Amino acid sequence: MPRYAITTFGCQMNVHDSERMHEVLRRAGYTESDDPRDADVVVLNTCSVREKAEQKLLSEVGRLAKWKRTHPEMVLVVAGCVAQQEGERLLTRSQGIDLVLGPDNIPELPRLLDDIGLGAPPLVRTVFDLEAPRFLTAHSVAASAPTAYVTIMKGCNERCSFCIVPYTRGPERYRPSAEIVAEIAGLVSAGVREVTLLGQTVNSYRDPSSELPRAPGASPDDPDESEFAALLRRIAAEVPGLARLRYTSPHPRHLTPSLIEAHVELSVLARHVHLPVQSGSDRILKRMIRRYTRAEYVARVGSLVARLPDLSLSTDIIVGFPGETEDDFAATLSLVREVGFRGLFGFKYSQRPYTPARKLADDVPEAEKSERLARLFEVSEELLGAHLQRLVGSRQRVLVEGAGKEGTEAWSGRTERNEIVHVTGAEALDLRGTIVEVVITRANKHSLQAELSDEARASAKPLPAATVEAPKPRAAGERRSLPIVAMGGG
Ligand code: SAH
Ligand code: F3S
């Protein structure tokens with residue numbers, strides 16, 4: 001049987017796309033190889049959101065191309081956003097690539113590999129499925145992890161001036177709500193406890209099959225309203241076995257009253273929202289074409305938190321956008337404090353091809369960008385540290401995702417608010433996929449340490465004898481969800 005290996009760069013969409021590629025290849029008779037050097041087909045699923053990510057890909061292609069000189073039978077596939085962005089050009093830029101595959105063309109992968117096997121020259125397939133959008137459904141029989149992603153929409157109709165995603169992922173296309181519900185129900189029967197709905201602006205969702213009733217709180221006159229809240233309600237009603245529901249990433253514009261109402265009423269929704277803000281300066285937000293002001297952002301999250309005071313917020317921020325002055329950056333820092341974000345992905349602005357911001361001079365020096373990023377992380381670490389410290393001694397409910405960091409024997413999982421919790425003193429118990437009550441014993445820099453409550457310990461199952469030494473290591477394809485704090489750079 002031919003063997004394949006997939007390396008994934010970038011965001012959750014890519015992690016999800018890679019999972020679909022695994023399935024498509026397995027069903028076509030391929031088996032997975034841990035080491036790309038033993039594989040007949042090597043797929044690099046790429047990211048182009050920042051230049052650094054793209055450079056990483058090119059150096060990886062270079063490495064593999066060198067290997068290929070002595071192993072000419074290996075087939076090298078470049079998929080994902082760099083594939084979509086560069087298309088044909090990739091074949092001339094990097095030697096050794098056999099197939100360039102866009103994110104919408106994943107279902108065609110086995111057929112294209114067959115063509116290459118029959119001697120076809122290098123192929124490029126990067127066509128958006130605009131007429132009949134395809135969403136691949138997970139075919140899990142037994143879930144490899146207690147958490148899973150489900151795509152509800154793809155593409156993006158916003159035109160944030162820095163962002164290449166509308167170019168690499170195309171315009172917005174939505175998946176019928178019945179199909180989404182069916183996939184989630186299937187995952188839950190396979191053992192999944194928590195689902196994260198995925199989309200570039202996940203909360204702009206509209207049901208193409210028009211099957212959803214208007215959600216409470218939704219005003220027909222509000223141009224920012226969507227059918228996302230109605231979708232959340234349908235999932236909650238029709239998949240009662242689902243323990244937790246998350247979504248990423250929403251756009252602040254669509255954090256409307258109906259979505260706030262859904263958060264208040266649906267207990268399945270986690271108490272955490274990742275809501276990218278990008279900057280705290282109105283001048284910069286305008287140049288970024290984000291289509292909200294700082295005050296509007298603050299008001300929207302304010303009305304959510306007023307109804308749900310224990311909800312955690314995290315965000316994405318870009319530092320060093322063209323024209324960002326020290327005052328603009330100070331406004332960002334003050335916004336981070338004002339909102340009290342407990343998690344933050346920070347990025348240095350990186351000029352991307354085809355983006356409107358290319359017309360603006362990338363005028364903040366690299367050293368200044370690095371310095372601002374460091375100051376941003378300092379503030380976010382301080383906020384997170386104080387928050388974690390306040391939780392010491394409290395009881396929390398943790399969905400145990402799997403074994404902790406390599407070398408430690410703790411189980412680890414997340415609270416509803418997305419704090420990472422390592423559970424110690426439970427090595428002999430089988431906690432995987434269960435929601436357990438814990439008592440927080442210590443705050444680490446980015447996570448919490450905890451012990452099982454007496455009640456949770458009394459009702460936990462022991463691990464089967466053969467696996468008592470340590471919780472199982474992560475299975476292939478298993479992934480961890482968004483960390484509450486990330487130190488993304490460049
Ligand atoms: N809506 C998408 C956003 C995709 S890009 C989502 O669901 O996550 C993820 C983040 O990368 C953005 O929120 C932004 O903070 C950052 N980013 C995008 N383009 C960038 C660029 N050119 N330079 C630096 N950071 C960028
Ligand atoms: Fe990018 Fe803005 Fe869409 S960040 S993905 S263009 S919402």
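The structure displayed is predicted, hence computed values, not measured ones. Note: hydrogens, waters and symmetry copies are ignored here, and every other heavy atom, side chains too, is used. By convention here, the first residue in the shown sequence is residue 1. Note that ligands are numbered from 1 as they come in the structure, with each ligand's atoms numbered from 1 the same way.
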Which of the atoms in ligand 2, numbered in the order shown and given with their element, are less than 4.0 Å from a heavy-atom of [X]?
X	value
Gln200	5 (S)
Cys160	2 (Fe), 4 (S), 6 (S), 7 (S)
Val165	5 (S)
Arg290	2 (Fe), 4 (S)
Thr201	7 (S)
Pro166	6 (S)
Cys163	1 (Fe), 4 (S), 5 (S), 6 (S)
Phe162	4 (S)

Would [X] count as a contact of ligand 1 if the rule is a heavy atom under 4.0 Å away?
X	value
Thr201	no
Gly199	yes
Lys348	yes

Does either side chain, that of [X] or that of [Y], offer a donor lying less than 3.5 Å from an acceptor on the other one?
X	Y	result
Asp327	Thr325	no
Ser48	Gln85	yes
His251	Ser204	no

Numbering as shown, the atoms of ligand 1 that approach Arg352 to under 4.0 Å (heavy-atom distance): 22 (N)
Proximal atoms of ligand 1 relative to Ser249 (non-hydrogen, under 4.0 Å): 6 (C), 7 (O), 8 (O)
Ring-ring centroid check His274 Phe345, cutoff 6.0 Å: yes
Check: Tyr205 ring centroid to His254 ring centroid under 6.0 Å: no
